[in-house]
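Presented below is the structure to which this report refers.
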Amino acid sequence: MTETETASAPRATAARGGDPLERIYADVLRRNPGETEFHQAVREVLETLGPVLARRPELAEARILERVCEPERQIVFRVPWTDDAGRVHVNRGFRIEFSSTLGPYKGGLRFHPSVNLGIVKFLGFEQIFKNALTGLPIGGGKGGSDFDPKNRSDAEVMRFCQSFMTELHRSLGEYTDVPAGDIGVGAREIGYLFGQYKRITNRHESGVLTGKGVGWGGARGRTEATGYGCVLFTEEMLRSRGTGLDGRSVVVSGSGNVALYAIEKAQQLGATVLTCSDSDGYVLDRKGVDVELLKEIKEAGRGRVSDYAEARGGDCRYVPGGRIWEVPCEVALPCATQNELTEDDAVGLVRGGVLAVAEGANMPTTPAAVRALREAGVAFGPGKAANAGGVAVSALEMQQNASRDSWEFAHTEERLTGIMRHIHDSCHTTAERYGSPGDYVVGANIAGFEPVADAMLAQGLV
Ligand code: NDP
Ligand code: 2IT
């Protein structure tokens, strides 16, 4: 990503006295040096909130934005562990407890070598507004580590998770802070983390983590929720333009939890998904990705998309190191990681006739790419709305645990469908209310911000 595409460059120092939003942004830059992804996420939200502050001066008086940009608590800790050969490793753990305004801190854990404070803070900041959009009582948080689970044995991953939880457990609790998965944290990691929490605390506190195995408190449908929700949101965007996914060509990036179930749901709705990818390359499968085969290779075997292409055979093609967005399509769903879809990619997608782009991943589209898509009139679903299905079903899992019940898949799926429609509609009507019809970025940011701001006003200066 080039410097001009990040949020940290423009007008960073311009703004002491003048525009209050620029002043707030300048303070965020000054107080959080080097945290480029956090700067980017803050800027994207601030850029859309001018009309809210203009209508509601009490928010500026109470310094709601300054407060919302400052995490309530930041926890950074050492995670020592030994590999199978007995060698000692030292990783860094993070948990950013960003906002407990609407409920316990809620958000995933990411294990990836790229994880640093700025990345966890960007994810935690996004999570505040995403969680508010669901309409469910959850605050915002995020955590993780620069640990790389790739090519580690189950025993190594278990020792790492046990060490991580040995430190983090004191900050968690079903009424305090409730992590879940994200990149590199799936069912296996949640199992080890839960086991260690249970052992240390001597409490079977189901609601302290979500994404658990269905046999021990997990919600049926949580695995599918983010990908399914992203596609349901896309379908709603297309419907509001008088069309739908049926018969459409779709490009999905990634091949992890979100991507797999975005592919599955898009195909259930009659689309053909042409691609999937990982950090080594992408697969072009013009007949449509065989999602059962892909799941077998990825979920069961921890394989690569190149293994999929080989197993699939025929004219399925693996493109090592290629740019997935060069594949023309009507719908694009970036489901891998932040800043994976650049301005050049967006211009190419527009040229190829793309109708809709929805972010399954968090902040996968660079600011310049978002601009290019919005200016071209493409329906653009920002992550905090489009990928909120995962955390929404996490909140349902917390409900299920609190009621000591076990719900059917159909129950969760029906609720997820209703929640994604509600998120779509509230983004849509909020954008209209603030004079930007059809702009889901404006709609999501304002509809996510207002309930948090109102509750902060009500709760006093905390
Ligand atoms: P997984 O670990 O299951 O899968 C991640 C996928 O993205 C893999 O295919 C991985 O490829 C690829 N990827 C990760 N990092 C990079 C990178 N730096 N460059 C290229 N490819 C990369 O994670 P999830 O599917 O859970 O998460 C994907 C995205 O969705 C993230 O942005 C996450 O924050 C977001 N998200 C996840 C939710 C959830 O419920 N899981 C909810 C909402 C958003 P490789 O194997 O090569 O690393
Ligand atoms: O980014 C996200 O919303 C997640 N990784 C899911 C968070 C959760 O608590 O389910």
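Residues: numbered from 1 along the sequence shown. Order of listing sets the numbers, starting from 1, for every ligand and every atom in it.
- Numbered from 1 in the order shown, with element, the atoms of ligand 1 that lie under 4.0 Å from a heavy atom of Ser279 read 11 (O), 19 (N), 20 (C), 21 (N), 45 (P), 47 (O), 48 (O).
- Near Ser255, meaning under 4.0 Å from any of its heavy atoms, are these atoms of ligand 1: 9 (O).
- Scanning both residues, Arg95 and Tyr105, for their nearest heavy atoms gives NH2-O, 4.4 Å.
- Between atom 39 (C) of ligand 1 and the options Asn362, Ile119, Thr226, the minimum heavy-atom separation is to Thr226.
- Scanning Lys106, Lys142, Met398 for the heavy atom closest to atom 9 (O) of ligand 2 points to Lys106.
- Among all protein heavy atoms, the one lying closest to atom 3 (O) of ligand 1 is Asn257 N, 2.9 Å.
- Heavy atoms of Arg222 found under 4.0 angstrom from ligand 2 belong exclusively to the side chain.
- For atom 46 (O) of ligand 1, the closest non-hydrogen atom on the protein side is Arg304 NH1, 3.0 Å.
- Contact annotation: for Leu123 versus ligand 2, there are no heavy atoms closer than 4.0 Å.
- Among Ala386, Pro149, Ala336, the residue whose heavy atom sits closest to atom 31 (C) of ligand 1 is Ala336.
- Listed by number with element, the atoms of ligand 1 under 4.0 Å from a non-hydrogen atom of Asp182 are 26 (O), 33 (C), 34 (O), 36 (N), 37 (C).
- Residue-ligand proximity: Cys276 is placed with every non-hydrogen atom at 4.0 Å or more from ligand 1.
- Residue contacts with ligand 1 do not include Gln338, since none of its heavy atoms lies under 4.0 Å from the ligand.
- Selection from Ala225, Pro334, Gly256 by nearest heavy atom to atom 6 (C) of ligand 1 gives Gly256.
- Closest to atom 14 (C) of ligand 1, if we only count protein heavy atoms, is Ile183 CD1, 4.0 Å.
- Remark: distances from the non-hydrogen atoms of Gly184 to ligand 1 include one below 4.0 Å.
- Ligand 1 has at least one atom lying under 4.0 Å from a heavy atom of Lys150.
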